[in-house]
Amino acid sequence: MSPRPSAAAAPSASPGSPGAAPPGPPAPSRSLIPSWLPVDPYILALLGTVGLAALLPASGTAAAVANGTATGAVALLFFLYGARLSTHEAMTGLRHWRLHLTVLACTFLLFPVLGLAARGLVPTILTPDLYSGLLFLCLVPSTIQSSIAFTSIARGNVPAAICAGSFSSLAGIVVTPLLAALLLTGSGISGSGGFSADSLLKIVLQLLVPFLAGQLLRRWVGGFLVRHKKVLGYVDRGSILLVVYTAFSEGMNRGVWHLVTPARLGLLLLVEAVLLTVMLTVSWYGAKRLGFGRGDRIAIQFAGSKKSLAAGLPMASVLFGAHASLAVLPLMLFHQMQLMVCAVLARRRARDPEEPAATAAPETPAPTAGGEIATPARP
């Protein structure tokens with residue numbers, strides 16, 4: 001949904017769209033990674049939207065119109081995700097099933113376990129509301145574009161990163177709401193009342209049905225989406241900004257922001273830094289212990305340690321409703337942190353010596369945006 005990241009920089013324009021067509025590996029000769037830590041321009045747009053909601057929150061009739069439009073925008077987003085994501089291309093990577101299972105275990109098993117362990121930080125370090133947002137962050141699927149970009153920069157297994165991101169996105173459509181139903185009930189969002197049958201119905205109607213419709217119609221609309229990818233990218237990003245604006249407007253109208261102090265935000269950042277460090281460390285050394293080669297370990301580390309902002313924000317609007325503003329705050333902060341840290345880490349991995357070819361696992365063919373299978377040269 002965002003402009004294609006270059007090999008040079010962190011994918012600063014991508015919020016981790018789970019439905020974006022997988023880009024080919026960026027050319028290493030165009031490396032222009034800045035020495036300073038990157039700031040995602042989309043995060044700046046999100047922060048600007050939060051500021052607008054704080055100064056001019058939608059209320060009354062305007063709020064009703066904004067909420068209705070945001071509901072339609074979420075359905076459109078997941079229709080586009082379904083129409084873009086080639087199930088055939090994802091299934092092509094099944095022969096590298098050990099790698100994909102490892103990434104899925106990091107995303108939907110280890111992350112949630114760590115999120116549950118953080119419950120002990122309430123209320124001394126995290127408020128119940130911020131903890132709910134942190135736990136929700138741990139349930140969100142991985143990214144595609146930024147995982148591919150960082151894997152390519154680090155000279156890892158790019159085809160595996162493409163397939164792993166696709167698998168995670170497909171699984172997240174079903175697994176994330178199910179985990180939310182199991183783990184988020186009574187976890188802390190004020191007045192949310194936990195996960196209900198109404199929430200399940202909203203998930204089916206606003207997320208799953210549009211996604212499946214996109215999958216079914218992909219044969220007929222796929223070419224149109226490819227030809228107009230740039231314009232539709234703006235539709236993606238604009239829809240998410242609208243979702244953020246309505247969520248934070250409701251938060252302002254309900255006065256929830258007096259619950260968050262600068263000190264609490266600082267502690268939240270510290271907790272998220274520890275979370276990211278643990279995931280990067282476990283995914284790297286765990287993959288090494290499982291016998292994966294260097295290229296595969298890089299793909300596992302970058303795909304298994306990330307969370308998708310683009311998938312998480314719409315899901316949060318459905319799951320949390322009027323209380324989504326606090327729920328998405330940890331995810332927004334984690335998204336920027338993972339880009340900054342992984343940009344530095346990818347450059348460091350790129351300087352690692354190559355392992356002997358005999359120890360490297362075979363790579364899966366890389367699907368191109370047009371649906372063909374090609375095997376790109378490792379950068």
Side-chain angles (χ1 to χ4, degrees), residues 1-2 14-20 40 42-43 45-46 49-50 53 58 66-85 107 132-133 135-146 165 168-181 184 189 192 195 198-215 232-251 306-335:
M1 61 172 279
S2 300
S14 171
S17 168
D40 185 356
Y42 197 75
I43 284 291
L46 288 169
T49 303
V50 172
N67 287 332
T69 306
T71 299
V74 169
L76 175 62
L77 276 174
F78 277 82
F79 173 82
L80 293 175
Y81 292 166
R84 289 186 185 125
L85 190 59
T107 304
S132 290
L135 182 56
F136 173 71
L137 148 71
C138 294
L139 310 182
V140 171
S142 181
T143 64
I144 292 180
Q145 283 188 312
S146 60
S168 180
S169 298
L170 284 169
I173 298 296
V174 176
V175 175
T176 296
L178 290 179
L179 287 175
L184 281 173
I189 291 291
S192 63
F195 194 90
D198 182 60
S199 298
L200 180 61
L201 181 61
K202 287 182 178 179
I203 289 169
V204 172
L205 294 179
Q206 294 185 41
L207 306 184
L208 187 58
V209 170
F211 181 85
L212 293 177
Q215 283 279 288
L232 291 173
Y234 290 119
V235 174
D236 281 357
R237 295 192 296 275
S239 298
I240 291 178
L241 292 177
L242 177 60
V243 170
V244 171
Y245 175 74
T246 56
F248 278 82
S249 290
E250 291 191 41
K306 287 194 176 50
K307 292 296 181 177
S308 172
L309 187 69
L313 290 180
M315 286 183 179
S317 71
V318 175
L319 291 171
F320 296 103
H323 308 276
S325 55
L326 283 179
V328 301
L329 182 61
L331 178 60
M332 291 172 60
L333 296 176
F334 189 84
H335 174 79

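All of these numbers come straight from a predicted model, not from anything done at the bench. Sequence positions, counted from 1, serve as the residue numbers for this chain.
Between the side chain of Gln215 and the backbone N or O of Gly82 there is at least one donor-acceptor pair closer than 3.5 Å.
Using a 4.5 Å cut-off on side-chain heavy atoms (C-beta onward), Val140 and Phe334 make no contact. Side-chain contact between Met315 and Leu207: present, with at least one pair of heavy atoms (C-beta onward) separated by less than 4.5 Å. Contact check for Asp236 versus Arg84: side-chain heavy atoms found under the 4.5 Å cut-off.
Atom CG of Leu333 sits about 9.5 Å away from atom CG of Leu137, to the nearest 0.5 Å. To the nearest 0.5 Å, atom CG of residue Leu309 and atom OG1 of residue Thr143 are 10.5 Å apart. Here Leu331 contributes atom CG and Cys138 contributes atom SG; the two are 10.0 Å apart, rounded to the nearest 0.5 Å. Within the model, atoms CG of Leu135 and CG of Leu184 stand 5.0 Å from one another, a figure rounded to the nearest 0.5 Å. Going from atom OG of Ser308 over to atom OH of Tyr81 covers 6.5 Å, rounded to the nearest 0.5 Å.
Heavy atoms only, all atoms of each residue included: Val74 and Pro314 are closest at CG1-CB, 3.9 Å. Looking at every heavy atom in both residues, Lys307 comes nearest to Thr107 through NZ-O, 3.0 Å. Summarising the geometry of Ser146 relative to Lys306, their closest heavy-atom pair is OG-CD, 3.4 Å, with the distance given to 0.1 Å. Scanning both residues, Ala316 and Ala324, for their nearest heavy atoms gives O-CB, 3.7 Å. The minimum heavy-atom distance linking Pro141 with Ser168 is given by the pair CB-O, 3.4 Å. Minimum heavy-atom separation, Ala75 to Pro210: O-CB, 3.2 Å.
For Phe136, the ring-ring contact (aromatic ring centres under 6.0 Å, His included) test picks out Phe320, with sequence neighbours left out. In this view, Leu76 and Leu80, Val235 satisfy the side chain to side chain contact (heavy atoms under 4.5 Å, CB included) rule, not counting sequence neighbours.
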Using atom types as modelled, flag every donor-acceptor pair under 3.5 Å from a side chain in residues 240-248 to any protein atom, sequence neighbours excluded.
from   : atom 1 : to     : atom 2 : distance (Å)
Tyr245 : OH     : Leu56  : O      : 2.6
Tyr245 : OH     : Ala58  : N      : 3.3
Thr246 : OG1    : Leu242 : O      : 3.2
Thr246 : OG1    : Val243 : O      : 2.9

Under the side chain to side chain contact (heavy atoms under 4.5 Å, CB included) rule, what do Phe78 and Ile173 come out as? Steps first, then yes or no, please. CA-CA 9 Å; Phe78 277 82; Ile173 298 296; 3.4 Å; yes

